[in-house]
Amino acid sequence: MHDIRFIRETPEAFDRALSRRGLSPLSSQILALDADRRARILAAETAQADQNKASKDVGAAKARGDDAEFERLRALVAEKKAEIARMQAEAAALDDQLRDLLMGIPNLPLDEVPDGADENANVEIRRWGTPRQMDFAPREHFDIPAMAGAMDFATAAKLSGSRFVVLKGAAIRLHRALAQFMLDTHISEHGLQEVWTPVLVKPEAMYGTNQLPKFAEDSYQTTNGWWLIPTSEVTLTNIAAGEILEETALPIRMTAHTQCFRSEAGSAGKDTTGMLRQHQFEKVEMVTLCTPETALAEHDRMTACAEAILQKLGLPYRTIVLCTGDMGFGAQKTHDLEVWLPGQKRYREISSVSTCGQFQARRMNGRYRPATGKPDFIATLNGSGLAVGRCLIAVLENGQQADGSVVLPPVLSSYMGGATHITADGRLGA
RNA sequence: GGAGAGGUGGCGGAGUGGUCGAUCGCGCCGGUCUCGAAAACCGGAGUGCCUGCAAGGGUACCGUGGGUUCGAAUCCCACCCUCUCCGCCA
């Protein structure tokens, strides 16, 4: 959510930033509403002050036994009561209106973010690794012989429908190994703190990390009102909701491995084969809570944490900066990591690392106490480190051999019972 | 699920209709004392919003939402959460 003071003080800067996102100016509408709101608050509070004063006088009159004055003041207050209630309701309504309006406006891009309308304007900032030369036609993950029977979409469709998978044998062993490997690396080498969280949350949490109110159709809600998290960014970030953290406790760098649930409402027909885009998937997420001044440095640090996973797995990737038109709702700046998928012959997103500045913290009222001065909103960052299913795909496609087997990244062998490859008929081999 | 107890400021814990935003203790910050520290003593300190150049003033907040009352932390209703015991259960 945006700081109304920032909009009041620099409406042009606000509108300019919106236009970089392809949005029309909103400051005049916001400021008109804000002015109206403040006028009503002033009126309502003044009326309330009058009532409070009269109530005190009532008490004083009674105490000294002045019955006439007592009755007179009592009647006066009773008379004003409905009017005051109405004024307060009006003020509260305008307050809510302004909040709702602000809640629906995306974050503003940082100056350094490249302008652009869509993904074509994203800027590659570095590339790591070289796609392996294959002297055969590389297959997509679901066609690799080593995965035959281990990646079962038909059974999943019977159980749940499209965009689900049943994993068996080497596929799920490798999937589990990847998640463990990511967590262990983040904990022991990157200094992140592992956290386990619920995957069912209250609506407030979804508002806090801006899934609500605009993107309700992208997530699932239970019959009693809980939401299934689309990412553990929701739970990890909302840990700070309503809190005032000590500055000395920052930064707080967390990681969690959870199930994620997405309706994929807007992606009908996109990535329908294989397990690239599922309703239910696993992700190792990273979230950092820090001071606003350190957010950009933390952003680079988090990006490096995600890149380290790909490097250790030996997977070629490129890092891009999303342009203003391609960034998510809550982001000020986003790095995407795209891993090379030989089966598709292209780079595909495997991680997205964003700094949200104080945008989410303002929504969830997450603050810290600076060494001097008043509490201020923290900065929040989130990033995948990594999407486990997509990483499984990348390992399989990049490690595939002409004979249908898959050579595994050496760093995984200790997580795979010493296996170094998956044979063409789906067994682990050393 | 049943029965009971309880949710007050960083923590503990008073307060059961009126100068209570709230006694007190611990912790915290500043000062005195000291070579320095501890102890002791003195002083300070919640959060949001509105208003004001500022000093300040106003308003709201005692789990949440309603209600009663001129007036609610205090009374009533509903809900949420925590704890204890019982039942059930991975």
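These numbers were taken from a predicted model, which means no experiment stands behind them. The chains referred to below are lettered A, B, ... by the order of the sequence lines, with proteins before strands, and numbering in each begins at 1.
Candidate nucleotides B/rG18, B/rU47, B/rA60 were compared by shortest atom distance to the side chain of A/Arg369, and B/rU47 ranks first. Which of B/rU47, B/rC49, B/rG58 sits closest to the side chain of A/Arg367 comes down to B/rU47. For A/Val58, whose side chain is taken as the heavy atoms from C-beta onward, the closest listed nucleotide among B/rC70, B/rC49, B/rU47 is B/rC70. Here the nucleotide nearest the side chain of A/Leu42, chosen from B/rC50, B/rC70, B/rA60, is B/rC50. Looking at the side chain of A/Gln51, the nearest of the listed nucleotides B/rG71, B/rU47, B/rC49 is B/rG71. The side chain of A/Ala49 has B/rG58 as its nearest neighbour among B/rC50, B/rG58, B/rU69. Counting only heavy atoms from C-beta on, A/Lys374 has its side chain closest to B/rG48 among B/rG48, B/rG71, B/rU59.
Judged by distance alone, the side chains of A/Asp376 and A/Gln358 do bring a donor and an acceptor atom under 3.5 Å apart. The closest side-chain donor-acceptor pair between A/Thr209 and A/Gln211 falls under 3.5 angstrom.
To the nearest 0.5 Å, the span separating CG on A/Leu386 from CG on A/Leu310 amounts to 5.0 Å.
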- Message: Dot-bracket for RNA chain B, please. Rules: Watson-Crick or G-U, both distances under 3.5 Å, ( ) within the strand, [ ] when a pair crosses earlier ones, | for another strand, . otherwise.
- Response: ((((((((.[[[..)..(.....]]].(((((.......))))).((((((....)))))).[[[[[..)....]]]]])))))))....
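On the C1' atoms, B/rC33 is 46 Å away from B/rU82, given to the nearest whole Å. Comparing the same atom, P, in B/rC75 and in B/rU16 gives a spacing of 9 Å after rounding to whole Å. Taking atom P in both B/rG10 and B/rG48, one finds a spacing of 12 Å when rounded to whole Å.
Residue-level contact check: A/Asn52 touches the backbone only, with heavy atoms under 4.0 Å from sugar-phosphate atoms and none from bases.
Separating the NZ atom of A/Lys53 from the P atom of B/rG57 is a distance of 16 Å, rounded to the nearest angstrom. When the C1' atom of B/rU19 is taken as reference, atom NZ of A/Lys56 falls 5 Å away, rounded to whole Å.
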